[in-house]
**Student:** 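Have a look at this one before I ask anything.
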Amino acid sequence: MTFTEYITKDLDRLDLIAFRAYGNAFDWKAIIDANPALPLQDVYPSGIRLVIPINDTPSGQNQAALLPPWKRPTT
């Protein structure tokens with residue numbers, strides 16, 4: 001599985017991060033599983049480094065925006 005790093009911005013929420021990463025706000029559990037030390041809270045301050053698992057399946061096409069340009073699919 002591929003991972004990328006995400007640094008939170010002020011007032012980020014897990015559902016918003018999941019929506020940006022996966023196109024589905026309900027997929028936040030994958031972020032929690034990859035970041036076990038992350039406290040569960042309503043909003044996060046800026047500057048928290050998160051590991052975001054990247055799904056390499058066709059349904060994960062929205063996730064390409066999180067990858068560095070040299071890892072993005074060229075389709």
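Every heavy atom of this structure was used, including side-chain atoms; hydrogens, water molecules and symmetry mates were not.
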**Student:** When clusters are formed by joining ILVMFWY residues with side-chain heavy atoms under 4.5 Å apart, either directly or through shared neighbours, do I17 and L11 land in the same one?
**Tutor:** no

**Student:** Looking at every non-hydrogen atom in both residues, tell me the closest pair between T8 and P45 and how far apart they are.
**Tutor:** OG1-O, 2.6 Å

**Student:** Would you mind reporting whether R20 and D12 have side-chain heavy atoms less than 4.5 Å apart?
**Tutor:** yes

**Student:** With rounding to the nearest 0.5 Å, note down the distance linking CG in L38 to CG in D33.
**Tutor:** 11.5 Å

**Student:** Counting distance only, does the side-chain N/O of Y44 pair as donor-acceptor with the main-chain N or O of L14 below 3.5 Å?
**Tutor:** no

**Student:** Looking at A21 and I52, what are the two nearest heavy atoms and their distance?
**Tutor:** CB-CG2, 3.9 Å

**Student:** For the hydrophobic clusters of this structure (ILVMFWY residues joined by side-chain heavy atoms under 4.5 Å, transitively), does one cluster hold both L40 and I31?
**Tutor:** yes

**Student:** Transitively linked via ILVMFWY side-chain contacts under 4.5 Å: I7 with V43?
**Tutor:** no

**Student:** Looking at every heavy atom in both F3 and A34, which two are closest together, and how far apart are they?
**Tutor:** CE2-CB, 4.4 Å

**Student:** Ignoring hydrogens, what is the shortest heavy-atom contact between P53 and V51? Give both atom names and the distance.
**Tutor:** CD-O, 3.7 Å

**Student:** Hey, does the side chain of T2 reach the backbone of I54 with a donor-acceptor pair shorter than 3.5 angstrom?
**Tutor:** no

**Student:** Is there a path from I32 to Y22 through hydrophobic residues (I, L, V, M, F, W, Y) whose side chains come within less than 4.5 Å of each other?
**Tutor:** yes

